2 protein chains.
Amino acid sequence: MPDSDIDEVADAMKYSVYAGGKRIRAYICLAFCRLFGGDVKAALPFAAAIEMIHTFSLIHDDLPCMDDDDLRRGKPTNHKVYGEATALLAGDALALKAFGVVAENPYVSPDIALRAVRALSFASAERGMVGGQIMDMQGEKTALPIEKLKKLQSLKTGALIEVSARLGAMAAGVSDDDRRMLNALEYAKGIGLAFQIKDDILDVTGDEALLGKPIGSDAENSKSTFLRFMSIEEAEKYAKELTEKAKESISGYEGRENLLALADFLLERNS
Amino acid sequence: MPDSDIDEVADAMKYSVYAGGKRIRAYICLAFCRLFGGDVKAALPFAAAIEMIHTFSLIHDDLPCMDDDDLRRGKPTNHKVYGEATALLAGDALALKAFGVVAENPYVSPDIALRAVRALSFASAERGMVGGQIMDMQGEKTALPIEKLKKLQSLKTGALIEVSARLGAMAAGVSDDDRRMLNALEYAKGIGLAFQIKDDILDVTGDEALLGKPIGSDAENSKSTFLRFMSIEEAEKYAKELTEKAKESISGYEGRENLLALADFLLERNS
(Lines give C-alpha, C1' and ligand atoms only; values in the text may rest on other atoms or scores of the structure.)
Protein backbone atom coordinates (compact mmCIF):
# COMPACT_ATOMS: atom_id res chain seq x y z
CA MET A 1 0.00 0.00 0.00
CA PRO A 2 1.42 3.42 -0.84
CA ASP A 3 2.50 5.81 1.86
CA SER A 4 -0.16 8.26 0.74
CA ASP A 5 -2.11 7.13 3.79
CA ILE A 6 0.24 8.96 6.08
CA ASP A 7 0.90 11.87 3.74
CA GLU A 8 -1.28 14.17 5.78
CA VAL A 9 0.74 13.84 8.95
CA ALA A 10 4.04 13.85 7.05
CA ASP A 11 2.97 17.07 5.31
CA ALA A 12 2.04 18.63 8.62
CA MET A 13 5.40 17.63 10.11
CA LYS A 14 7.28 19.16 7.18
CA TYR A 15 5.16 22.30 7.21
CA SER A 16 6.41 23.31 10.65
CA VAL A 17 9.95 21.94 10.34
CA TYR A 18 10.49 23.90 7.13
CA ALA A 19 8.64 27.02 8.34
CA GLY A 20 11.97 28.67 9.01
CA GLY A 21 13.06 29.99 12.35
CA LYS A 22 16.53 30.93 13.41
CA ARG A 23 17.83 27.36 13.90
CA ILE A 24 19.72 28.61 16.93
CA ARG A 25 19.77 25.18 18.54
CA ALA A 26 21.11 23.41 15.48
CA TYR A 27 23.71 26.16 15.02
CA ILE A 28 24.92 25.83 18.62
CA CYS A 29 25.14 22.06 18.30
CA LEU A 30 27.23 22.22 15.13
CA ALA A 31 29.36 25.12 16.39
CA PHE A 32 30.38 23.34 19.59
CA CYS A 33 31.21 20.17 17.71
CA ARG A 34 33.51 22.19 15.47
CA LEU A 35 34.93 24.27 18.34
CA PHE A 36 36.09 21.11 20.06
CA GLY A 37 37.66 19.63 16.94
CA GLY A 38 34.86 17.28 15.93
CA ASP A 39 33.66 16.47 12.44
CA VAL A 40 30.46 18.49 11.90
CA LYS A 41 28.91 15.49 10.15
CA ALA A 42 28.76 13.74 13.50
CA ALA A 43 26.71 16.56 15.02
CA LEU A 44 24.25 16.91 12.14
CA PRO A 45 21.81 14.13 13.17
CA PHE A 46 21.84 15.49 16.72
CA ALA A 47 21.15 19.02 15.48
CA ALA A 48 18.30 17.78 13.29
CA ALA A 49 16.74 15.86 16.18
CA ILE A 50 16.91 18.90 18.47
CA GLU A 51 15.16 21.05 15.85
CA MET A 52 12.49 18.34 15.56
CA ILE A 53 11.92 18.41 19.32
CA HIS A 54 11.84 22.22 19.28
CA THR A 55 9.35 22.23 16.40
CA PHE A 56 7.13 19.66 18.10
CA SER A 57 7.04 21.84 21.22
CA LEU A 58 6.04 24.89 19.17
CA ILE A 59 3.23 23.03 17.40
CA HIS A 60 1.80 21.86 20.73
CA ASP A 61 2.39 25.25 22.39
CA ASP A 62 0.31 26.93 19.69
CA LEU A 63 -2.69 24.60 20.10
CA PRO A 64 -5.98 26.11 21.31
CA CYS A 65 -5.72 24.35 24.68
CA MET A 66 -2.27 25.92 25.18
CA ASP A 67 -1.42 29.43 23.92
CA ASP A 68 -4.00 29.33 21.11
CA ASP A 69 -1.82 31.17 18.61
CA ASP A 70 -2.79 31.70 14.98
CA LEU A 71 0.58 32.87 13.70
CA ARG A 72 4.09 31.50 14.05
CA ARG A 73 7.03 32.91 12.14
CA GLY A 74 4.59 34.95 10.07
CA LYS A 75 2.68 31.90 8.88
CA PRO A 76 -0.54 30.29 10.07
CA THR A 77 0.18 27.86 12.89
CA ASN A 78 0.08 24.14 12.20
CA HIS A 79 -3.43 23.54 13.53
CA LYS A 80 -4.75 26.51 11.54
CA VAL A 81 -3.63 24.73 8.38
CA TYR A 82 -4.13 21.04 9.21
CA GLY A 83 -6.64 21.08 12.03
CA GLU A 84 -6.06 20.36 15.69
CA ALA A 85 -5.96 16.58 15.55
CA THR A 86 -3.40 16.42 12.74
CA ALA A 87 -1.29 19.13 14.40
CA LEU A 88 -1.32 17.20 17.66
CA LEU A 89 -0.23 14.02 15.86
CA ALA A 90 2.37 15.82 13.74
CA GLY A 91 3.93 17.14 16.95
CA ASP A 92 3.81 13.68 18.50
CA ALA A 93 5.45 12.09 15.46
CA LEU A 94 8.25 14.69 15.42
CA ALA A 95 9.01 14.01 19.07
CA LEU A 96 8.98 10.24 18.58
CA LYS A 97 11.00 10.32 15.39
CA ALA A 98 13.69 12.60 16.84
CA PHE A 99 15.03 9.83 19.06
CA GLY A 100 15.34 7.49 16.10
CA VAL A 101 17.37 10.16 14.31
CA VAL A 102 19.71 10.47 17.30
CA ALA A 103 20.05 6.70 17.59
CA GLU A 104 20.78 6.31 13.88
CA ASN A 105 23.76 8.69 13.90
CA PRO A 106 26.36 6.63 12.02
CA TYR A 107 29.27 8.96 12.85
CA VAL A 108 29.47 8.41 16.61
CA SER A 109 30.01 5.33 18.77
CA PRO A 110 26.96 3.50 20.16
CA ASP A 111 28.00 4.77 23.54
CA ILE A 112 27.87 8.43 22.50
CA ALA A 113 24.59 7.97 20.63
CA LEU A 114 23.06 6.45 23.77
CA ARG A 115 24.32 9.28 25.95
CA ALA A 116 22.74 11.68 23.47
CA VAL A 117 19.38 9.88 23.63
CA ARG A 118 19.45 10.06 27.42
CA ALA A 119 20.43 13.74 27.47
CA LEU A 120 17.79 14.74 24.93
CA SER A 121 15.11 12.75 26.73
CA PHE A 122 15.91 14.33 30.07
CA ALA A 123 16.21 17.86 28.66
CA SER A 124 12.85 17.67 26.91
CA ALA A 125 10.62 15.74 29.36
CA GLU A 126 9.04 16.76 32.64
CA ARG A 127 12.30 17.78 34.32
CA GLY A 128 13.25 19.86 31.30
CA MET A 129 11.26 21.60 28.58
CA VAL A 130 7.84 20.15 29.40
CA GLY A 131 8.36 20.95 33.09
CA GLY A 132 8.99 24.55 32.04
CA GLN A 133 5.80 24.59 29.99
CA ILE A 134 3.81 23.43 33.01
CA MET A 135 5.37 26.16 35.15
CA ASP A 136 4.56 28.64 32.40
CA MET A 137 0.88 27.68 32.59
CA GLN A 138 0.95 27.99 36.35
CA GLY A 139 2.58 31.40 35.89
CA GLU A 140 -0.52 32.52 34.04
CA LYS A 141 -2.63 31.84 37.09
CA THR A 142 -0.36 33.23 39.80
CA ALA A 143 2.43 35.79 39.61
CA LEU A 144 5.71 33.90 39.95
CA PRO A 145 8.58 35.32 41.99
CA ILE A 146 11.65 36.08 39.87
CA GLU A 147 13.56 33.01 41.06
CA LYS A 148 10.72 30.81 39.84
CA LEU A 149 10.60 32.72 36.59
CA LYS A 150 14.31 32.02 36.08
CA LYS A 151 13.76 28.37 36.89
CA LEU A 152 10.82 28.28 34.45
CA GLN A 153 12.95 29.73 31.66
CA SER A 154 15.93 27.53 32.45
CA LEU A 155 13.61 24.58 31.85
CA LYS A 156 11.29 25.81 29.10
CA THR A 157 13.91 27.36 26.82
CA GLY A 158 17.22 26.78 28.55
CA ALA A 159 17.19 22.99 28.75
CA LEU A 160 16.98 22.51 24.99
CA ILE A 161 19.59 25.20 24.27
CA GLU A 162 21.93 23.61 26.80
CA VAL A 163 21.45 20.15 25.39
CA SER A 164 22.27 21.56 21.95
CA ALA A 165 25.70 22.55 23.24
CA ARG A 166 26.01 19.26 25.09
CA LEU A 167 25.23 17.10 22.08
CA GLY A 168 27.57 19.14 19.89
CA ALA A 169 30.38 18.60 22.37
CA MET A 170 29.48 14.92 22.66
CA ALA A 171 29.67 14.56 18.89
CA ALA A 172 33.26 15.85 19.18
CA GLY A 173 33.98 13.14 21.75
CA VAL A 174 33.94 15.45 24.80
CA SER A 175 32.94 13.67 28.01
CA ASP A 176 30.55 15.06 30.59
CA ASP A 177 33.20 15.86 33.19
CA ASP A 178 35.54 17.56 30.72
CA ARG A 179 36.13 21.27 31.38
CA ARG A 180 35.13 21.98 27.77
CA MET A 181 31.68 20.52 28.44
CA LEU A 182 31.25 22.74 31.47
CA ASN A 183 32.27 25.80 29.46
CA ALA A 184 29.89 24.89 26.64
CA LEU A 185 27.02 24.48 29.09
CA GLU A 186 27.80 27.77 30.80
CA TYR A 187 27.74 29.54 27.44
CA ALA A 188 24.42 27.92 26.55
CA LYS A 189 22.90 28.72 29.92
CA GLY A 190 23.88 32.39 29.61
CA ILE A 191 22.64 32.96 26.09
CA GLY A 192 19.51 30.92 26.83
CA LEU A 193 18.45 33.26 29.62
CA ALA A 194 19.49 36.36 27.69
CA PHE A 195 17.46 35.05 24.76
CA GLN A 196 14.34 34.79 26.89
CA ILE A 197 14.76 38.24 28.43
CA LYS A 198 15.16 39.65 24.92
CA ASP A 199 12.00 37.80 23.91
CA ASP A 200 10.13 39.47 26.75
CA ILE A 201 11.47 42.87 25.68
CA LEU A 202 10.51 42.28 22.04
CA ASP A 203 7.01 41.28 23.07
CA VAL A 204 6.61 44.88 24.29
CA THR A 205 8.85 46.90 21.97
CA GLY A 206 9.00 44.72 18.87
CA ASP A 207 7.66 45.12 15.36
CA GLU A 208 4.83 42.70 14.55
CA ALA A 209 5.82 42.42 10.91
CA LEU A 210 9.40 41.46 11.84
CA LEU A 211 8.38 39.17 14.70
CA GLY A 212 5.79 37.33 12.62
CA LYS A 213 3.43 37.31 15.57
CA PRO A 214 1.34 39.87 17.46
CA ILE A 215 3.12 41.88 20.14
CA GLY A 216 1.70 42.26 23.62
CA SER A 217 0.56 38.64 23.71
CA ASP A 218 2.43 37.92 26.97
CA ALA A 219 0.50 40.64 28.78
CA GLU A 220 -2.71 39.49 27.15
CA ASN A 221 -2.11 35.92 28.33
CA SER A 222 -1.02 37.20 31.78
CA LYS A 223 2.34 35.48 31.28
CA SER A 224 5.08 35.92 33.82
CA THR A 225 7.85 37.91 32.15
CA PHE A 226 11.04 39.58 33.34
CA LEU A 227 9.44 42.98 32.75
CA ARG A 228 7.33 42.40 35.83
CA PHE A 229 10.50 42.76 37.85
CA MET A 230 12.51 45.35 35.98
CA SER A 231 12.28 48.19 33.49
CA ILE A 232 13.07 47.67 29.84
CA GLU A 233 16.42 49.39 30.37
CA GLU A 234 17.27 47.16 33.31
CA ALA A 235 16.24 44.09 31.33
CA GLU A 236 18.45 45.15 28.44
CA LYS A 237 21.36 45.64 30.79
CA TYR A 238 20.76 42.24 32.40
CA ALA A 239 20.61 40.49 29.04
CA LYS A 240 23.84 42.21 28.02
CA GLU A 241 25.61 41.10 31.20
CA LEU A 242 24.48 37.51 30.68
CA THR A 243 25.67 37.65 27.09
CA GLU A 244 29.10 38.99 28.06
CA LYS A 245 29.46 36.30 30.70
CA ALA A 246 28.45 33.64 28.20
CA LYS A 247 31.09 34.89 25.78
CA GLU A 248 33.71 34.83 28.52
CA SER A 249 32.97 31.23 29.31
CA ILE A 250 34.43 30.21 25.94
CA SER A 251 37.35 32.64 25.98
CA GLY A 252 40.59 30.97 25.06
CA TYR A 253 39.11 28.57 22.52
CA GLU A 254 40.34 29.07 19.01
CA GLY A 255 37.57 29.30 16.43
CA ARG A 256 34.97 30.64 18.84
CA GLU A 257 34.18 33.70 16.68
CA ASN A 258 30.88 32.38 15.34
CA LEU A 259 29.67 31.58 18.85
CA LEU A 260 30.60 35.08 20.00
CA ALA A 261 28.77 36.50 16.99
CA LEU A 262 25.72 34.35 17.75
CA ALA A 263 25.56 35.66 21.32
CA ASP A 264 25.69 39.25 20.04
CA PHE A 265 23.18 38.55 17.29
CA LEU A 266 20.67 37.13 19.76
CA LEU A 267 21.07 40.17 21.99
CA GLU A 268 20.65 42.68 19.19
CA ARG A 269 18.00 40.96 17.12
CA ASN A 270 14.71 42.60 16.21
CA SER A 271 12.75 39.39 15.83
CA MET B 1 14.07 24.89 44.27
CA PRO B 2 11.81 21.95 45.09
CA ASP B 3 10.38 19.78 42.38
CA SER B 4 6.89 20.79 43.45
CA ASP B 5 6.87 23.05 40.39
CA ILE B 6 6.49 20.09 38.11
CA ASP B 7 4.31 18.04 40.43
CA GLU B 8 1.22 18.75 38.38
CA VAL B 9 2.54 17.17 35.21
CA ALA B 10 4.21 14.33 37.14
CA ASP B 11 0.89 13.62 38.86
CA ALA B 12 -0.92 13.61 35.54
CA MET B 13 1.68 11.22 34.07
CA LYS B 14 1.30 8.83 36.99
CA TYR B 15 -2.49 9.06 36.95
CA SER B 16 -2.71 7.46 33.52
CA VAL B 17 0.27 5.12 33.84
CA TYR B 18 -1.15 3.66 37.04
CA ALA B 19 -4.77 3.67 35.82
CA GLY B 20 -4.49 -0.05 35.18
CA GLY B 21 -5.07 -1.68 31.84
CA LYS B 22 -4.08 -5.14 30.81
CA ARG B 23 -0.34 -4.42 30.33
CA ILE B 24 -0.43 -6.71 27.30
CA ARG B 25 2.55 -5.01 25.70
CA ALA B 26 4.74 -5.25 28.77
CA TYR B 27 3.69 -8.89 29.23
CA ILE B 28 4.61 -9.78 25.64
CA CYS B 29 7.96 -8.04 25.97
CA LEU B 30 8.88 -9.91 29.15
CA ALA B 31 7.48 -13.22 27.89
CA PHE B 32 9.55 -13.22 24.70
CA CYS B 33 12.70 -12.31 26.60
CA ARG B 34 12.12 -15.31 28.84
CA LEU B 35 11.07 -17.60 25.97
CA PHE B 36 14.39 -16.98 24.27
CA GLY B 37 16.44 -17.58 27.38
CA GLY B 38 17.02 -13.98 28.40
CA ASP B 39 17.07 -12.52 31.89
CA VAL B 40 13.73 -10.81 32.39
CA LYS B 41 15.49 -7.92 34.16
CA ALA B 42 16.95 -6.91 30.81
CA ALA B 43 13.48 -6.58 29.27
CA LEU B 44 11.92 -4.64 32.13
CA PRO B 45 13.06 -1.13 31.11
CA PHE B 46 11.93 -1.84 27.55
CA ALA B 47 8.54 -3.05 28.77
CA ALA B 48 8.14 0.04 30.95
CA ALA B 49 9.00 2.35 28.07
CA ILE B 50 6.50 0.66 25.77
CA GLU B 51 3.74 1.07 28.37
CA MET B 52 4.70 4.75 28.66
CA ILE B 53 4.38 5.19 24.89
CA HIS B 54 1.06 3.33 24.93
CA THR B 55 -0.25 5.48 27.79
CA PHE B 56 0.85 8.70 26.09
CA SER B 57 -1.05 7.65 22.96
CA LEU B 58 -4.19 6.95 24.99
CA ILE B 59 -4.03 10.33 26.76
CA HIS B 60 -3.74 12.16 23.43
CA ASP B 61 -6.35 9.92 21.76
CA ASP B 62 -8.87 10.85 24.45
CA LEU B 63 -8.40 14.62 24.04
CA PRO B 64 -11.37 16.67 22.79
CA CYS B 65 -9.69 17.35 19.43
CA MET B 66 -9.29 13.58 18.95
CA ASP B 67 -11.88 11.05 20.21
CA ASP B 68 -13.14 13.33 23.00
CA ASP B 69 -13.61 10.52 25.51
CA ASP B 70 -14.59 11.10 29.13
CA LEU B 71 -13.87 7.60 30.41
CA ARG B 72 -10.91 5.28 30.08
CA ARG B 73 -10.64 2.03 32.00
CA GLY B 74 -13.64 3.09 34.04
CA LYS B 75 -12.00 6.29 35.25
CA PRO B 76 -12.24 9.89 34.05
CA THR B 77 -9.76 10.49 31.23
CA ASN B 78 -6.62 12.49 31.94
CA HIS B 79 -7.90 15.81 30.60
CA LYS B 80 -11.13 15.43 32.57
CA VAL B 81 -9.04 15.38 35.75
CA TYR B 82 -6.12 17.70 34.93
CA GLY B 83 -7.42 19.83 32.08
CA GLU B 84 -6.48 19.70 28.44
CA ALA B 85 -3.19 21.53 28.59
CA THR B 86 -1.76 19.41 31.41
CA ALA B 87 -3.01 16.22 29.76
CA LEU B 88 -1.34 17.22 26.50
CA LEU B 89 1.93 17.90 28.31
CA ALA B 90 1.71 14.75 30.44
CA GLY B 91 1.38 12.74 27.22
CA ASP B 92 4.31 14.59 25.70
CA ALA B 93 6.48 14.00 28.75
CA LEU B 94 5.68 10.27 28.79
CA ALA B 95 6.67 9.95 25.14
CA LEU B 96 9.90 11.91 25.65
CA LYS B 97 10.84 10.13 28.85
CA ALA B 98 10.26 6.65 27.39
CA PHE B 99 13.35 6.90 25.20
CA GLY B 100 15.50 7.82 28.17
CA VAL B 101 14.22 4.73 29.95
CA VAL B 102 15.16 2.54 26.98
CA ALA B 103 18.58 4.17 26.69
CA GLU B 104 19.28 3.74 30.41
CA ASN B 105 18.74 -0.03 30.40
CA PRO B 106 21.84 -1.22 32.30
CA TYR B 107 21.33 -4.91 31.48
CA VAL B 108 21.91 -4.81 27.72
CA SER B 109 24.83 -3.70 25.56
CA PRO B 110 24.85 -0.14 24.16
CA ASP B 111 24.31 -1.71 20.77
CA ILE B 112 21.11 -3.46 21.81
CA ALA B 113 19.82 -0.39 23.67
CA LEU B 114 20.36 1.69 20.53
CA ARG B 115 18.56 -0.85 18.35
CA ALA B 116 15.69 -0.72 20.83
CA VAL B 117 15.54 3.11 20.64
CA ARG B 118 15.42 2.94 16.86
CA ALA B 119 12.77 0.21 16.79
CA LEU B 120 10.55 2.00 19.33
CA SER B 121 10.91 5.31 17.51
CA PHE B 122 9.97 3.81 14.17
CA ALA B 123 7.08 1.75 15.58
CA SER B 124 5.53 4.74 17.30
CA ALA B 125 6.06 7.64 14.85
CA GLU B 126 4.39 8.47 11.55
CA ARG B 127 5.17 5.13 9.91
CA GLY B 128 3.86 3.28 12.93
CA MET B 129 1.34 4.10 15.62
CA VAL B 130 0.85 7.80 14.79
CA GLY B 131 0.45 6.92 11.10
CA GLY B 132 -2.34 4.55 12.14
CA GLN B 133 -4.01 7.28 14.18
CA ILE B 134 -4.02 9.57 11.15
CA MET B 135 -5.55 6.82 9.00
CA ASP B 136 -8.11 6.27 11.74
CA MET B 137 -9.16 9.92 11.55
CA GLN B 138 -9.41 9.69 7.78
CA GLY B 139 -11.50 6.56 8.23
CA GLU B 140 -14.04 8.66 10.09
CA LYS B 141 -14.51 10.82 7.02
CA THR B 142 -14.56 8.15 4.32
CA ALA B 143 -15.33 4.44 4.52
CA LEU B 144 -12.02 2.58 4.20
CA PRO B 145 -11.76 -0.61 2.14
CA ILE B 146 -10.86 -3.64 4.27
CA GLU B 147 -7.23 -3.73 3.12
CA LYS B 148 -6.80 -0.16 4.34
CA LEU B 149 -8.52 -1.02 7.58
CA LYS B 150 -6.04 -3.88 8.09
CA LYS B 151 -3.17 -1.53 7.31
CA LEU B 152 -4.60 1.05 9.73
CA GLN B 153 -4.78 -1.50 12.53
CA SER B 154 -1.36 -2.94 11.75
CA LEU B 155 -0.01 0.57 12.36
CA LYS B 156 -2.27 1.92 15.09
CA THR B 157 -2.28 -1.11 17.37
CA GLY B 158 -0.08 -3.67 15.66
CA ALA B 159 3.17 -1.71 15.47
CA LEU B 160 3.46 -1.27 19.23
CA ILE B 161 2.47 -4.88 19.95
CA GLU B 162 5.05 -6.11 17.44
CA VAL B 163 7.77 -3.91 18.86
CA SER B 164 6.96 -5.33 22.30
CA ALA B 165 7.85 -8.80 21.04
CA ARG B 166 10.85 -7.39 19.20
CA LEU B 167 12.30 -5.61 22.22
CA GLY B 168 11.72 -8.66 24.40
CA ALA B 169 13.63 -10.82 21.93
CA MET B 170 16.35 -8.15 21.65
CA ALA B 171 16.75 -8.14 25.43
CA ALA B 172 17.47 -11.87 25.16
CA GLY B 173 20.17 -11.13 22.59
CA VAL B 174 18.18 -12.27 19.54
CA SER B 175 19.22 -10.51 16.32
CA ASP B 176 16.79 -9.16 13.72
CA ASP B 177 17.48 -11.88 11.13
CA ASP B 178 17.20 -14.74 13.61
CA ARG B 179 14.32 -17.16 12.94
CA ARG B 180 13.19 -16.63 16.54
CA MET B 181 12.70 -12.91 15.87
CA LEU B 182 10.57 -13.69 12.82
CA ASN B 183 8.45 -16.11 14.84
CA ALA B 184 8.00 -13.60 17.64
CA LEU B 185 6.90 -10.93 15.18
CA GLU B 186 4.48 -13.30 13.46
CA TYR B 187 2.92 -14.12 16.82
CA ALA B 188 2.60 -10.43 17.70
CA LYS B 189 1.16 -9.55 14.31
CA GLY B 190 -1.48 -12.26 14.62
CA ILE B 191 -2.64 -11.49 18.13
CA GLY B 192 -2.48 -7.75 17.38
CA LEU B 193 -5.00 -8.03 14.58
CA ALA B 194 -7.17 -10.51 16.51
CA PHE B 195 -7.08 -8.07 19.43
CA GLN B 196 -8.44 -5.26 17.29
CA ILE B 197 -11.17 -7.38 15.75
CA LYS B 198 -12.20 -8.45 19.24
CA ASP B 199 -12.24 -4.77 20.25
CA ASP B 200 -14.62 -4.03 17.40
CA ILE B 201 -16.87 -6.90 18.46
CA LEU B 202 -16.87 -5.78 22.10
CA ASP B 203 -17.80 -2.26 21.06
CA VAL B 204 -21.09 -3.75 19.83
CA THR B 205 -21.72 -6.70 22.15
CA GLY B 206 -19.77 -5.71 25.27
CA ASP B 207 -20.82 -4.78 28.77
CA GLU B 208 -20.20 -1.11 29.57
CA ALA B 209 -19.46 -1.83 33.22
CA LEU B 210 -16.82 -4.40 32.31
CA LEU B 211 -15.33 -2.37 29.46
CA GLY B 212 -15.11 0.80 31.53
CA LYS B 213 -16.28 2.87 28.55
CA PRO B 214 -19.53 3.33 26.65
CA ILE B 215 -20.33 0.78 23.97
CA GLY B 216 -21.40 1.80 20.49
CA SER B 217 -18.84 4.63 20.39
CA ASP B 218 -17.26 3.38 17.15
CA ALA B 219 -20.56 3.65 15.31
CA GLU B 220 -21.23 7.00 16.94
CA ASN B 221 -17.85 8.31 15.75
CA SER B 222 -18.37 6.70 12.31
CA LYS B 223 -15.17 4.70 12.83
CA SER B 224 -14.12 2.12 10.30
CA THR B 225 -14.42 -1.28 11.98
CA PHE B 226 -14.22 -4.87 10.82
CA LEU B 227 -17.96 -5.22 11.39
CA ARG B 228 -18.53 -3.10 8.29
CA PHE B 229 -17.21 -6.02 6.28
CA MET B 230 -18.42 -9.09 8.15
CA SER B 231 -21.01 -10.33 10.60
CA ILE B 232 -20.16 -10.73 14.28
CA GLU B 233 -19.97 -14.50 13.75
CA GLU B 234 -17.58 -14.10 10.82
CA ALA B 235 -15.47 -11.65 12.81
CA GLU B 236 -15.27 -14.09 15.72
CA LYS B 237 -14.19 -16.86 13.36
CA TYR B 238 -11.57 -14.61 11.77
CA ALA B 239 -10.14 -13.58 15.15
CA LYS B 240 -9.99 -17.24 16.17
CA GLU B 241 -8.11 -18.20 13.01
CA LEU B 242 -5.60 -15.40 13.54
CA THR B 243 -5.12 -16.48 17.13
CA GLU B 244 -4.51 -20.11 16.17
CA LYS B 245 -2.00 -19.06 13.54
CA ALA B 246 -0.24 -16.83 16.05
CA LYS B 247 0.01 -19.73 18.48
CA GLU B 248 1.42 -21.98 15.74
CA SER B 249 4.15 -19.49 14.97
CA ILE B 250 5.75 -20.23 18.34
CA SER B 251 5.15 -23.98 18.31
CA GLY B 252 8.24 -25.92 19.24
CA TYR B 253 9.52 -23.40 21.79
CA GLU B 254 9.69 -24.72 25.31
CA GLY B 255 8.08 -22.46 27.88
CA ARG B 256 5.63 -20.88 25.43
CA GLU B 257 2.58 -21.77 27.60
CA ASN B 258 2.01 -18.23 28.93
CA LEU B 259 2.10 -16.79 25.41
CA LEU B 260 -0.44 -19.38 24.26
CA ALA B 261 -2.61 -18.54 27.25
CA LEU B 262 -2.31 -14.81 26.50
CA ALA B 263 -3.49 -15.36 22.92
CA ASP B 264 -6.52 -17.29 24.18
CA PHE B 265 -7.22 -14.76 26.92
CA LEU B 266 -7.27 -11.90 24.44
CA LEU B 267 -9.67 -13.81 22.21
CA GLU B 268 -12.05 -14.74 25.00
CA ARG B 269 -11.94 -11.54 27.05
CA ASN B 270 -15.05 -9.56 27.93
CA SER B 271 -13.29 -6.24 28.34
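Only this structure's heavy atoms are used, side chains among them; waters, hydrogens and symmetry mates stay out. Predicted model only: the values in this text are computed from it and were never measured. So that the names make sense, note that chain A is the first sequence line, chain B the second, and so on, each numbered from 1.
Residue A:Asp62 holds its CG atom at 9.0 Å from CG of A:Asp70, rounded to the nearest 0.5 Å. Taking OH of A:Tyr82 as the start and CE of A:Met13 as the end, the distance is 11.5 Å to the nearest 0.5 Å.
Between B:Arg166 and B:Asp176 there is a salt bridge, since at least one side-chain N of the basic residue sits less than 4.0 Å from a carboxylate O of the acidic one.
For B:Ile53, the part sitting under 4.5 Å from any heavy atom of chain A is the side chain, from C-beta outward, and nothing else. There is no contact between B:Phe122 and chain A, counting heavy-atom distances below 4.5 Å. Using a 4.5 Å cut-off between heavy atoms, B:Leu89 contacts chain A through both its backbone and its side chain. Looking at A:Leu63, the atoms closer than 4.5 Å to chain B (heavy atoms on both sides) all sit in the side chain, from C-beta outward.
The candidate from A:Met137, A:Met129, A:His60 with the greatest count of non-hydrogen atom pairs under 4.5 Å with chain B is A:His60. Counting heavy-atom pairs under 4.5 Å between each of B:Gly132, B:Pro110, B:Gly128, B:Pro64 and chain A puts B:Pro110 at the top. Per-residue heavy-atom pair counts under 4.5 Å with chain A were compared for B:Ala93, B:Cys65, B:Ala10, and the maximum is reached by B:Cys65. Highest contact tally toward chain A, considering only B:Asp111, B:Val101, B:Val117, B:Leu114, is held by B:Leu114 [criterion: heavy-atom pairs under 4.5 Å]. For chain A, the option among B:Ala90, B:Gly100, B:Ala103 with the highest count of heavy-atom pairs below 4.5 Å is B:Ala103.
At distances below 3.5 Å, not a single donor-acceptor pair connects side-chain atoms of B:Thr55 with backbone N or O atoms of B:Val17. Of the possible donor and acceptor atoms, one in the side chain of A:Asn105 sits under 3.5 Å from a partner among the backbone N and O of A:Tyr107. Using a distance-only test at 3.5 Å, with no hydrogens or angles considered, a donor-acceptor pair links the side chain of B:Ser124 to the main chain of B:Ser121.
B:Tyr238 and B:Phe226 have perpendicular rings, their planes meeting at more than 60° on a 0 to 90° scale where under 30° would count as parallel.
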